[in-house]
Number of protein chains: 2
Amino acid sequence: MAFALHPRLAADCEQVGDLAVSTLLLARDERFHWAILVPRIAALADLHDIPPASRMAVFEEIERVSQALQRITHADKLNVAALGNQVAQLHIHVIARHVGDAAWPNPVWSAPPPATPLAGAALAARVQRIKQEMEL
Amino acid sequence: MAFALHPRLAADCEQVGDLAVSTLLLARDERFHWAILVPRIAALADLHDIPPASRMAVFEEIERVSQALQRITHADKLNVAALGNQVAQLHIHVIARHVGDAAWPNPVWSAPPPATPLAGAALAARVQRIKQEMEL
């Protein structure tokens, strides 16, 4: 079975571009600078399903996204998580966190709903900015 | 500065034992089979702070804990997360999740409090079981 981005990830997130192993997405919630890496390898669910030969590359992609978000947002902390309870296809959240943000000090999933929609020019600007920082 | 386990992790978690790179802890919440890996390397906060030379080893420790929890609990999903908003010292949560558990399908941090205390013989049994599965 070939890799295909899960339809819910494709619908809910903005596609930024492709790194060597992973496709980079952005969550459309203005409250957080929230990237998601989806390794383009078929049939991954848990983090340890990543084949050993691709692990260093995925780790470097996490680092690259983390450092880009750090430069863009001057984050106080980066959160990295592979959960997948709702969409089983392996996707790795990389989220810039700030003291006092909408969920601080809890995980972003504990932020009081609703999300603040990120769309139009504001979304385009964020996509452009991360592409620039990541030289995509 | 030498590595020392953060006092809050030491106080809040049960120490199971040492793997090659990380110290293995268990959260004392009966509702979840919840392990925590703390790489014994000084001054780590974000996941990408792990030096490249130790990344494969930490990844293998995540895999080893994940597979042990899988064997023990027949989990539906493993959650892996490095958050650190409350305790900045890098610690990696590895949590066995089950459809219908106390937080499902949300992250464990969204489970309605309070935790169900895990202590005494029940805690000792869990520690013993994971040590056995991990040959510690």
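Computation of the quantities below employed the complete heavy-atom set of this structure, encompassing side-chain atoms and omitting hydrogens, waters and symmetry-equivalent molecules. A, B, ... follow the sequence lines: proteins, then strands. Residue 1 opens every chain. Please read these numbers as outputs of a predicted model, since none were measured by experiment.
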Inset, instruction - Find out if a path of hydrophobic residues (ILVMFWY) with successive side-chain heavy-atom gaps under 4.5 Å connects A/V16 to A/F32. - result: no
Legend entry - Joint hydrophobic cluster, B/V87 plus B/F3, side-chain heavy atoms closer than 4.5 Å: yes
Inset, instruction - Group every Ile, Leu, Val, Met, Phe, Trp and Tyr by side-chain heavy-atom contacts under 4.5 Å, then state whether A/L83 and A/L44 land in the same group. - result: no
Legend entry - Atom pair CD1/CD1 of B/I62 and A/I50 - distance to nearest 0.5 Å: 9.5 Å
Legend entry - Side chain to side chain, B/F59 and A/V58, heavy atoms closer than 4.5 Å: no
Inset, instruction - Indicate, with yes or no, if A/L25 and A/L123 share a hydrophobic cluster defined by side-chain heavy-atom contacts under 4.5 Å among Ile, Leu, Val, Met, Phe, Trp and Tyr. - result: no
Inset, instruction - For chain B, find which of A/I92, A/V99, A/V80 contributes the most heavy-atom pairs closer than 4.5 angstrom. - result: A/V80
Inset, instruction - Find out if a path of hydrophobic residues (ILVMFWY) with successive side-chain heavy-atom gaps under 4.5 Å connects B/I72 to B/I95. - result: no
Using only the distance criterion (under 3.5 Å, no hydrogens considered), which donor-acceptor pairs connect chain A with chain B?
| residue | atom | partner | partner atom | Å |
| --- | --- | --- | --- | --- |
| A/A45 | O | B/K77 | NZ | 3.4 |
| A/D46 | OD1 | B/K77 | NZ | 2.5 |
| A/D46 | OD1 | B/L78 | N | 3.1 |
| A/R55 | NH1 | B/E63 | OE1 | 3.1 |
| A/R55 | NH2 | B/E63 | OE1 | 3.3 |
| A/R55 | NH2 | B/E63 | OE2 | 3.1 |
| A/E63 | OE1 | B/R55 | NH1 | 3.1 |
| A/E63 | OE1 | B/R55 | NH2 | 3.3 |
| A/E63 | OE2 | B/R55 | NH2 | 3.1 |
| A/K77 | NZ | B/A45 | O | 3.4 |
| A/K77 | NZ | B/D46 | OD1 | 2.5 |
| A/K77 | NZ | B/L83 | O | 3.1 |
| A/L78 | N | B/D46 | OD1 | 3.1 |
| A/N79 | OD1 | B/N85 | ND2 | 3.3 |
| A/N79 | ND2 | B/L83 | O | 3.0 |
| A/N79 | ND2 | B/N85 | OD1 | 2.9 |
| A/V80 | N | B/A82 | O | 2.9 |
| A/V80 | O | B/A82 | N | 2.7 |
| A/A82 | N | B/V80 | O | 2.7 |
| A/A82 | O | B/V80 | N | 2.9 |
| A/L83 | O | B/K77 | NZ | 3.1 |
| A/L83 | O | B/N79 | ND2 | 3.1 |
| A/N85 | OD1 | B/N79 | ND2 | 2.9 |
| A/N85 | ND2 | B/N79 | OD1 | 3.3 |
| A/N85 | ND2 | B/P105 | O | 3.4 |
| A/P105 | O | B/N85 | ND2 | 3.4 |

